[in-house]
> 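My questions all concern the structure below.
In what follows, every heavy atom counts, from backbone to side chain, and hydrogens, waters and symmetry copies are set aside.
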Amino acid sequence: MRKNSKVTQREHTSEHVTESVADLLAHEAPLDYKNSSLNVGGVPGKKIVLEPPENDGRPAWNSKLQYILAQVGFSVGLGNVWRFPYLCQKNGGGAYLVPYFILLILIGVPLFFLELAVGQKIRRGSIGVWNYVCPQLGGIGVSSLMVCGFVGLYYNVIIGWSIFYFFQSFQYPLPWAECPIRRNGSLAIVEPECEKSSATTYFWYRQTLNTTSTIADSGGLNVKMTLSLLVAWIIVCLAVIRGIASSGKVMYFSSLFPYVVLFCFLVRGLLLKGAVDGIAHMFTPKLEKMLEPQVWREAATQVFFALGLGFGGVIAFSSYNKIDNNCHFDAVLVSFINFVTSILATLVVFAVLGFKANLMNEKCVMENGEKILGYLNSNVLSHDLIPPHVNFSQLSTVDYAEIYAVIKTVKEGSFAELSLDPCVLEDELNKSVQGTGLAFIAFTEAMTHFPASPFWSVMFFFMLINLGLGSMIGTMTGITTPVLDTYKVQKELFTVCCCIIAFFCGLLFVQRSGNYFVTMFDDYSAGLPLTVVVILENVSVAWIYGTKRFMQDLEDMLGFRPHAFYFYMWKYVSPCCLIVLITATVIEMAISPPGYNAWVEELPCYRSYPPWALAMCFSLIVVAMLPLPVVFIARYFNLMSDGSNKLSVSYRKSMMKDISNLEEVDEARSILCKNPGETPSPKPPSQAYLGPPGTNPLENPNSLSPNSCYGTTLPKTPQPPPSPTE
């Protein structure tokens, strides 16, 4: 604002300025005095209400269902299918659900509600929202955008892998059902590398990824994976090219279809032998695990990422809502759906893994039974050790356990030389698998034993594609919406350019060593930066903007005041939990040597990152978090614009109406022949502030109203002395 403007003159002179601030900043229609309670002839008790600017040209969702499906599609992703079940198995089975649910209530729902509310209130992407709340923390939005970029690069590679497996599933038998046969003239032998591992493991590491043994050996591009990645980016580009007009329609299918597949798999899985064993193992609580801090840290991390907090996609989607939409209901509903989906996916995964564990256990019993029979025929073992009711042609797991216990007792000294395995079902169920190991190895191996296995394989990988697509649409919206809000660029052209650049950057992940880079980005590009972003979001709203004023904003926006529970969560509990989570994450990174699981011939082995890869790991963290201090310093020393020139029409209208309302209050009091100095000016309902009792926000120099972020705070207007007629 110019130094010689009449608004500035108010701070330096007692002369009354008659021209309104609203007239200086925008051509705004005056309030309708006939509908104002400040009008002499107005209806008593009727208040001035700030009407949200609905016709500001911003796109909007076609329906509430479309919006809910978009939020569900973004939050429910691949992690619900392959991360949550693994954490349940690792951290005490059913006992893990207790800390997860507690932290979902303490961290998940309040922070998800906060992001929905600020996006809906300010109607901007992540950059615009945090510029509006406090410009010095505007780097929050930039960091969110950069994390979205990093995650989008490798996340779409996983979709590409799923696309490859999807097309490979249209054949019988499935190509990963059996080890390939190597022919040498008339001699046919099983591929040794496959025989030492398994058919599905070999197909994943050797025929799909064709992975190298170290991250330093790139091995060149994998043509099959490069084409799959290209198809994945084409699908994502077509889904988001027209913004929510196109992605909203895609969400009707991509958000609902995975639930159809999960229910089909659940019904089919429950009919399989051993499914009940898997589910019982899953939900048998190990209560002692609840006392371990590591369990709570991993539960908090899963809650954090399951809802997509900090990515900017939640804010971007909610910014296309009507301003009076009930975002509190949306936050609770989406969080509940996310939690139920994780439970459903866990049931499916462990029903299928229970079936697989039974198959593996029966195979173990059969192989070791043949060993025992060989020892009996060679007189290494005496026939007296075998119970008379045992039939080796139909050896059950119970009979084998009995034989194993007898032999182990009698041959205690030389038992190790026999190389017999215990073949315990519990051991098979305890083999923890997650991520790609679950989806592309364990689950695919189980599906090879299904009747009509190609059908179930097609359904499973099509489900993964849709789960990934929903999350990618949210991730891309978290990138495009802030940029399109800030700069005047053509939406379609910008989206296409983003996808093209992302494809070429993604070639890093489709080298033969690309799987190792996917692991690196997954471990380092999002975890710590996003946690820092979300705690700054929380602090900026609860402590800088003010929780009381934010609650008043919500009351004006929703028509009711949210429960005081949210006040205390935002103000105290959530920040404390996030600080503990950041501390635990940093400690975990410090004590765990950075590394990756490499595939060496037939067995995976853990390798440490070389120095250049270590530098790359920490560069991902630094680059993602760099906008936070840079923007803060630049705006603190006035080296960067505060973003006020990027305000949308809806911002300006809302701000001008707030200011105009205050001026009309003073003018109406003069009409009513009241001395403005006798009675404090009432706060109009649209003023987003609720301070402590007995305080006036306009007289509080420390008050940070939404307008003060851009230097448009209305100073206390000097009033002229009473006229002689008064």
Side-chain angles (χ1 to χ4, degrees), residues 58-81 112 115-116 119-120 123 125-126 148 151-152 155-156 158-159 162-163 166 231-263 305-309 311-322 325-327 329-342 344-345 459 461-482 484 491-492 495 498-499:
R58 189 171 185 80
W61 297 103
N62 291 335
S63 65
K64 181 65 174 282
L65 175 62
Q66 189 181 78
Y67 164 68
I68 292 296
L69 289 178
Q71 291 286 15
V72 169
F74 175 52
S75 65
V76 175
L78 297 174
N80 296 76
V81 174
F112 191 62
E115 289 201 356
L116 291 179
Q120 181 174 307
R123 295 173 66 77
S126 56
C148 279
V151 172
Y155 202 89
N156 219 25
I158 301 175
I159 298 178
S162 301
I163 290 172
F166 172 74
V231 173
W233 275 113
I234 291 173
I235 294 173
V236 170
C237 187
L238 293 176
V240 300
I241 192 168
R242 294 180 56 211
I244 63 171
S246 56
S247 62
K249 294 180 176 61
V250 173
M251 286 296 185
Y252 280 115
F253 182 81
S254 65
S255 296
L256 293 176
F257 179 75
Y259 290 96
V260 175
V261 177
L262 284 175
F263 277 111
F305 290 107
L307 295 174
L309 299 174
F311 281 94
V314 173
I315 293 175
F317 280 152
S318 64
S319 70
Y320 299 113
N321 269 331
K322 294 181 179 180
N325 173 64
N326 188 349
C327 56
F329 172 79
D330 300 341
V332 175
L333 177 63
V334 174
S335 301
F336 175 75
I337 292 175
N338 191 293
F339 179 66
V340 171
T341 304
S342 298
L344 175 62
M459 293 281 283
F461 289 108
F462 196 38
M463 178 191 72
L464 292 187
I465 293 170
N466 280 276
L467 284 172
L469 180 61
S471 297
M472 273 301 298
I473 288 174
T475 302
M476 289 297 294
T477 305
I479 296 173
T480 58
T481 297
L484 295 175
K491 178 172 29 181
E492 290 80 3
T495 303
C498 283
C499 293

> Is the shortest side-chain heavy-atom distance between C498 and M476 below 4.5 Å?
yes

> What is the minimum heavy-atom distance between K249 and Q66, and which atoms define it?
N-NE2, 3.9 Å

> Side chains of N321 and C327: closer than 4.5 Å at any heavy-atom pair?
no

> Return the CD1 to CG distance between I465 and L78, rounded to the nearest 0.5 Å.
10.5 Å

> Kindly give the heavy-atom pair with the smallest separation between G125 and T481, and that separation in Å.
CA-CG2, 3.8 Å

> How long is the gap from OG on S319 to CD1 on I315, to the nearest 0.5 Å?
9.0 Å

> When rounded to the nearest 0.5 angstrom, what is the spacing between CG in N466 and CZ in F461?
14.0 Å

> For the CD atom of Q120 and the CG atom of N325, what is their distance to the nearest 0.5 Å?
4.5 Å

> Can you measure from CD1 (I479) to SG (C499) and round to the nearest 0.5 angstrom?
9.0 Å

> What I want to check is whether the side chains of S342 and N80 have a donor and an acceptor closer together than 3.5 Å.
yes

> How about V334 and S75: do any of their side-chain heavy atoms sit closer than 4.5 Å?
yes

> From I68 CD1 over to D330 CG, what is the distance, rounded to the nearest 0.5 angstrom?
4.0 Å

> Would you mind reporting whether F311 and E115 have side-chain heavy atoms less than 4.5 Å apart?
no

> Does L116 reach the side chain of F317, with side-chain heavy atoms less than 4.5 Å apart?
no

> I want to check a possible cation-pi pair here: R58 against Y320, using under 6.0 Å from ring centre and within 45° of the ring axis as the test.
yes

> Could you go step by step and tell me if Y67 and S318 meet the side-chain hydrogen bond (donor to acceptor under 3.5 Å, both in side chains) rule?
CA-CA 8 Å; Y67 164 68; S318 64; 5.0 Å; no

> Side chains of I235 and I163: does their closest heavy-atom pair fall under 4.5 Å?
yes

> Could you tell me whether the side chain of N326 and the main chain of F329 form a donor-acceptor pair under 3.5 Å?
yes

> For F462, what residues pass the ring pair (Phe, Tyr, Trp, His ring centres under 6.0 Å) criterion, not counting sequence neighbours?
F166, F253, F257

> Considering only heavy atoms from C-beta outward, does the side chain of L256 approach that of M251 to under 4.5 Å?
no

> Over all heavy atoms of both residues, which pair between T475 and F74 is shortest? Give the atoms and the distance, please.
N-CE1, 3.7 Å

> Does the side chain of L469 come within less than 4.5 Å of V236's, by heavy atoms?
yes

> Would you find a donor on one side and an acceptor on the other, under 3.5 Å apart, between the side chain of S126 and the backbone of G312?
no

